[in-house]
Amino acid sequence: MLNIDKIRADFPILNRKVHGKPLVYLDNGATSQTPQSVINTIVDYYSNYNANIHRGVHTLSQEATDKYEEARIKIQQHFNAKHAYEIILTSGTTESINIVASGFASILKEGDEVIVSALEHHSNIVPWQMMCEKTGAVLKVLPMDEEGALRMDLFDELLTNKTKLVFCNHVSNALGTINPIEEIIHRAHKFGAYVLIDGAQACPHLKPNVQELDVDFYVTSAHKMCGPTGVGMLYGKQELLEMLPPYQGGGEMIATVTFEKTTYAGLPHKFEAGTPNICGGIAFGAAIDYMNSVGFDNIQTQENELLMYATNELLKVDGLKIYGTAYKTSVISFNIDGIHPYDIGAILDKLGIAVRTGHHCAQPIMDYFKIPGTVRASFSFYNTKEEVDLLVSAVKKAKAMLS
Ligand SMILES: *Cc1c(COP(=O)(O)O)cnc(C)c1O
């Protein structure tokens with residue numbers, strides 16, 4: 001069991017007030033809050049050893065390089081990648097997906113096929129559409145059902161020997177659905193297709209094992225798992241990262257440069273052109289340490305309890321509908337009959353409660369349910385039942401004011 005008071009004390013922001021009320025932060029699906037240990041790591045970096053990495057002979061540069069590469073190893077171990085150089089540090093999930101999509105834009109051919117799930121975030125749709133435009137590859141969609149689960153019964157009909165890539169999120173940010181990625185990877189591999197899994201919404205809740213999953217690419221962002229914004233990871237199997245062309249040209253990603261011919265650096269530097277987010281990468285490592293010190297079993301127990309409690313309490317509100325009831329993590333996407341989600345969100349904010357409203361960068365899901373958007377409350381392990389009670393009473397208040 002978690003000592004929630006002790007956990008909450010790790011997050012200074014949870015003490016602040018919003019409109020005179022204690023902050024109730026339920027927008028963890030958009031970004032998580034930052035524990036003191038990660039904040040300290042950032043302060044320590046800029047206070048004591050800020051320097052550019054991999055290039056300097058001087059002490060600060062060596063220290064920064066060592067810490068940055070230590071962070072890469074922490075990330076490797078956390079996700080159980082075989083080699084540290086299979087972990088590319090990027091600016092986040094979006095950039096990670098773009099690196100892979102732009103690489104395949106010079107590999108795929110007209111008539112090749114790729115499959116996207118209906119549950120995707122725009123960042124796992126648009127880069128692939130751009131790739132298809134360039135190559136003439138065909139984008140097919142694996143549909144979802146009323147409960148927000150993927151129609152796995154239709155997957156085999158979509159797979160052919162022309163299928164080159166399948167991309168899917170591990171957990172849907174809009175509904176919280178946990179997708180059966182083991183099965184997706186296994187079935188796609190039977191057709192020789194590669195699979196990219198978007199783990200941005202999964203990594204705050206669980207610990208993926210990329211070798212056990214046998215996944216080809218796995219991507220995530222630090223800022224949803226207690227780390228800073230502007231840094232994330234692209235994991236790829238060595239042979240695939242070697243096959244893909246570099247994404248950006250510049251310093252750090254080269255072996256030799258002449259005006260006649262440039263040769264590229266090996267992994268991971270081939271995909272890390274220019275000065276990276278050094279402090280962010282080091283802080284990403286600190287965030288992983290923090291999450292592991294809390295423990296993913298504890299995280300899941302606490303979050304599942306909050307999810308069940310909040311679901312039961314919210315469903316007691318007349319006219320409230322929850323979207324996505326499949327097997328899921330601690331996300332509740334809902335609407336109240338006849339009320340626009342934005343209006344509910346604005347009233348909740350006045351009461352100190354932070355939720356997200358809108359399409360959650362997943363318009364196709366909203367189109368499926370024929371709604372403009374939802375109110376989304378997304379929980380973290382540092383949230384409490386008391387906060388759920390505040391949410392529910394605020395939702396009732398908003399309903400009374402708006403109907
Ligand atoms: C947040 C999120 C993204 C985008 O992450 P960025 O950090 O904005 O690049 C992509 N997919 C899912 C499922 C997400 O939750």
Side-chain angles (χ1 to χ4, degrees), residues 25-34 38 75 88-102 116-130 142 144 148-150 166-181 184 195-206 208 215 217-235 247 271 276-277 280-281 283-284 287-288 291 303 323-324 326-333 354-366 368 373-374 376-380:
Y25 187 77
L26 301 178
D27 193 19
N28 296 286
T31 200
S32 56
Q33 292 305 341
T34 316
V38 174
I75 299 165
I88 312 298
L89 288 160
T90 66
S91 70
T93 301
T94 301
E95 187 182 49
S96 300
I97 295 171
N98 276 282
I99 290 173
V100 179
S102 88
V116 62
S117 103
L119 280 173
E120 296 314 296
H121 188 284
H122 295 162
S123 69
N124 205 20
I125 301 174
V126 183
W128 306 111
Q129 286 175 323
M130 290 161 66
L142 175 60
M144 59 184 274
L150 290 175
V166 176
F167 16 95
C168 179
N169 56 37
H170 195 167
V171 168
S172 154
N173 63 299
L175 304 178
T177 311
I178 302 173
N179 290 312
I181 61 165
I184 289 171
V195 180
L196 178 140
I197 299 293
D198 167 359
Q201 204 65 225
C203 296
H205 312 291
L206 47 88
V215 66
F217 301 98
Y218 195 99
V219 300
T220 201
S221 296
H223 71 92
K224 292 186 181 170
M225 46 188 303
C226 294
T229 56
V231 65
M233 163 191 94
L234 160 61
Y235 159 79
Y247 178 57
F271 293 105
N277 184 348
F284 188 4
I288 282 180
M291 299 281 300
E303 290 178 348
Y323 299 90
Y327 173 53
K328 67 176 186 173
T329 54
S330 50
V331 168
I332 301 183
S333 236
V355 294
R356 178 87 161 211
T357 64
H359 55 57
H360 317 298
C361 298
Q363 272 180 356
I365 300 179
M366 303 301 131
Y368 175 89
T374 67
R376 183 187 69 182
S378 48
F379 306 98
S380 175

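Each ligand, and each atom within it, is numbered from 1 in the order the structure gives.
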**OP:** Indicate the ring-plane relationship of His359 and His122, choosing parallel, tilted or perpendicular according to the 30° and 60° boundaries.
**Re:** tilted
Original post:
Can you tell me if Ser333 uses its side chain to pair, donor with acceptor, with the backbone of Leu175 under 3.5 Å?
Top reply: no
Original post:
Which ligand 1 atoms are under 4.0 Å away from a heavy-atom of Ala200?
Top reply: 2 (C), 3 (C), 11 (N), 12 (C), 14 (C), 15 (O)
Subject >> Short side-chain to backbone donor-acceptor contact, Thr229 and His223, under 3.5 Å >> reply: no
Subject >> Nearest neighbour in protein (non-hydrogen) for atom 14 (C) of ligand 1 >> reply: Lys224 NZ, 2.9 Å
**OP:** Work out whether the distance between some heavy atom of Glu95 and some atom of ligand 1 is less than 4.0 Å.
**Re:** no
Subject >> side chain to side chain contact (heavy atoms under 4.5 Å, CB included) partner of Val219, the single match among Leu196, Ile197, Thr90 >> reply: Leu196
Subject >> Polar atom proximity, His223 to ligand 1 (N or O, under 3.5 Å) >> reply: yes
**OP:** Return the residue, atom name and 0.1 Å-rounded distance of the protein heavy atom closest to atom 13 (C) of ligand 1.
**Re:** Asp198 OD2, 3.4 Å
Original post:
Of the non-hydrogen atoms in Thr34 and Cys226, which two are nearest, and what is the gap between them?
Top reply: CG2-O, 3.9 Å
Original post:
Counting each atom of ligand 1 from 1 as listed, which ones have a heavy atom of Thr94 under 4.0 Å away?
Top reply: 4 (C), 6 (P), 8 (O), 9 (O)
Original post:
To which protein heavy atom is atom 15 (O) of ligand 1 closest, and what is the distance rounded to 0.1 Å?
Top reply: Gln201 NE2, 2.5 Å
Original post:
In chain order, what residues pass the side chain to side chain donor-acceptor pair (under 3.5 Å) check against Ser380, with sequence neighbours excluded?
Top reply: none
**OP:** Using the test side chain to side chain donor-acceptor pair (under 3.5 Å), find all partners of Thr357 that sit at least two apart in sequence or belong to another chain.
**Re:** none
Original post:
Side chains of Ile75 and Leu89: closer than 4.5 Å at any heavy-atom pair?
Top reply: yes
Original post:
At a 4.0 Å threshold, what atoms of ligand 1 neighbour a non-hydrogen atom of Thr93?
Top reply: 5 (O), 9 (O), 10 (C)
**OP:** For atom 10 (C) of ligand 1, find the nearest protein heavy atom and state the residue, atom name and distance (0.1 Å precision).
**Re:** Ser123 OG, 3.1 Å
Original post:
Would you say Asn124 contacts ligand 1, with heavy atoms under 4.0 Å as the rule?
Top reply: no
**OP:** Could you list which atoms of ligand 1 come closer than 4.0 Å to a heavy atom of Ser221?
**Re:** 5 (O), 6 (P), 7 (O), 9 (O)
